[in-house]
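Chain letters run A, B, ... following the sequence lines, proteins first, then strands; residues in each count from 1.
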2 protein chains.
Amino acid sequence: MSDRRSGQGYSGESLLFLTDEQLRQGIEAMFFAYRGFTAVPDRILADMAYGRAHHRAIHFINRAPGTTVNNLLAILGVTKQSLNRVLRTLISDGFVESRVGTVDKRERHLFLTEEGRSLEAKLSDAQRTRMRLAYKEAGPEAVSGFKKVLEAMMDPDMRRAYGKLRDSGS
Amino acid sequence: MSDRRSGQGYSGESLLFLTDEQLRQGIEAMFFAYRGFTAVPDRILADMAYGRAHHRAIHFINRAPGTTVNNLLAILGVTKQSLNRVLRTLISDGFVESRVGTVDKRERHLFLTEEGRSLEAKLSDAQRTRMRLAYKEAGPEAVSGFKKVLEAMMDPDMRRAYGKLRDSGS
DNA sequence: AGTTTAAGTCAGCCTTGTTGACATTCCAAG
DNA sequence: CTTGGAATGTCAACAAGGCTGACTTAAACT
């Protein structure tokens with residue numbers, strides 16, 4: 001299977017000849033890179049009986065303070081029961097505060113406590129450092145391509161969520 | 001934020017001005033993209049009581065037929081107990097064959113059966129299709145940048161494993 | 001002969017996903 | 001105003017798939 005071309009290769013005029021082999025390299029790159037990407041925070045969290053799920057919750061609460069549980073659910077893509085377990089431990093450990101909504105009392109609005117913000121900083125510092133080094137090594141052109149491909153790889157729903165978060169950035 | 005720099009303008013020297021906000025976008029992009037990336041195979045596997053772990057094992061056995069358990073362990077980065085559980089079900093379900101080594105009889109060499117290859121094809125077709133569309137949308141330049149950044153993001157060990165696999169490709 | 005290595009197994013733990021059942025709150029139709 | 005349904009969040013129980021630790025078997029090395 002030396003020069004197998006990828007079926008629908010003739011992408012209009014943009015001349016993208018993609019062999020299965022090239023695509024597979026991309027798949028494996030995603031796998032290995034994602035592991036590297038989560039390795040440092042994972043290690044920090046493991047020491048406090050937390051996991052990746054806690055990290056994700058903390059990240060997005062920090063990103064959008066006052067967000068509701070339902071909001072968070074949609075972004076994280078898990079069941080509310082699953083998220084709830086994580087939130088419960090974060091709240092009882094004093095990293096997250098849950099305030100009953102004033103206009104709609106069914107809703108809970110989530111905030112990081114001082115302690116929560118400090119944990120968030122520790123985790124995201126580690127991850128940003130890794131990201132910064134990768135960017136530096138790959139160069140500016142590569143970075144823009146990186147983001148383009150990732151964005152194209154998302155599910156449409158998540159792409160919308162990502163866009164909203166991105167544009168709301170400080 | 002007023003003077004946020006985009007980075008990709010100054011491609012010449014290493015003038016990479018990266019705000020925390022830009023880095024966080026990269027972090028979130030990784031999160032959302034990885035989910036999109038695994039979504040389709042996950043759905044296929046869920047119907048047969050398999051998970052992502054089975055997919056990974058099948059992928060790398062297909063990639064390097066005759067690989068040993070120890071090899072697979074190193075690539076997947078899990079414990080042998082964890083891998084063994086997965087491998088056991090794959091073997092008893094007839095997707096994987098385990099042959100005692102001829103030169104070193106302690107080793108077991110792993111191969112996909114006909115059925116295993118067909119499942120692998122189904123899974124990787126789905127994933128390649130997604131990858132191909134993303135590549136097409138992002139364009140050829142973006143693809144090379146994408147791979148560069150991912151490679152830079154890997155742990156050194158994994159980077160070596162990735163390089164070996166990559167260079168052994170058809 | 002004794003040690004190391006490859007592989008497999010059993011037991012038990014943790015995180016994190018799932019469903020199902022349930023309580024509370026809101027809102028709109030009767 | 002009441003009542004029924006929808007939305008929101010919580011509790012409980014289960015499964016997948018990570019992990020550690022202890023142990024066995026067989027083969028290879030020294």
Minimum-distance nucleotide to [X] side chain [options: [options]]:
X: B:E107; options: D:dA22, C:dA6, C:dT18; answer: C:dA6
X: B:T79; options: D:dC19, C:dT9, C:dT25; answer: D:dC19
X: A:R56; options: D:dA12, D:dG21, C:dG17; answer: C:dG17
X: B:K80; options: C:dA7, D:dT10, C:dC26; answer: C:dA7
X: B:V69; options: D:dA27, D:dG17, C:dA7; answer: C:dA7
X: B:Q81; options: C:dC10, C:dG8, C:dT16; answer: C:dC10

Please report the distance, rounded to the nearest Å, between [atom1] in [X] and [atom2] in [N].
X: A:R106; N: D:dT8; atom1: CZ; atom2: C1'; result: 6 Å
X: B:R85; N: C:dC10; atom1: CZ; atom2: P; result: 13 Å
X: B:N70; N: D:dA28; atom1: CG; atom2: P; result: 15 Å
X: B:H109; N: C:dA7; atom1: NE2; atom2: C1'; result: 12 Å
X: A:L73; N: C:dG17; atom1: CG; atom2: P; result: 11 Å
X: A:R88; N: D:dT8; atom1: CZ; atom2: P; result: 20 Å
X: B:L90; N: D:dG17; atom1: CG; atom2: C1'; result: 13 Å
X: A:N71; N: D:dA7; atom1: CG; atom2: P; result: 15 Å

Please answer whether the main-chain N or O of B:V78 pairs with a side-chain N or O of B:S82 as donor and acceptor at a distance below 3.5 Å. no
Regarding [X], tell me which of base, sugar-phosphate or nothing describes its non-hydrogen contacts under 4.0 Å with the strands shown.
X: A:A49; value: sugar-phosphate
X: A:R52; value: sugar-phosphate
X: B:V103; value: sugar-phosphate
X: B:G77; value: sugar-phosphate

OP1, OP2 of D:dG17 versus side-chain N and O of B:H54: anything below 4.0 Å?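 Yes, within the criterion.
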Please determine if a side-chain N or O atom of A:N84 lies less than 4.0 Å away from the OP1 or OP2 oxygen of D:dG9.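 For A:N84, the contact criterion (side-chain N or O under 4.0 Å from OP1 or OP2 of D:dG9) is not met.
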Taking only residues at least two apart or on different chains, which pairs with a member in residues 91-107 of chain B satisfy side-chain hydrogen bond (donor to acceptor under 3.5 Å, both in side chains)?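 Residue pairs with at least one partner in residues 91-107 of chain B: B:Y50-B:D93, B:E97-B:R99, B:D104-B:R106.
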Charged N-O contact under 4.0 Å between [X] and [Y]:
X: A:K122; Y: A:E115; value: no
X: B:R166; Y: A:E21; value: no
X: B:E114; Y: B:R117; value: yes

Sequence neighbours excluded, which residues qualify as salt bridge (charged side-chain N to carboxylate O under 4.0 Å, His left out) partners of B:R35? none
For A:S82 and for A:Y50, locate the closest nucleotide of DNA chain C by heavy-atom distance; then report the residue assigned to the nucleotide nearer the 5' terminus.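 Nearer the 5' end of the strand: A:Y50.
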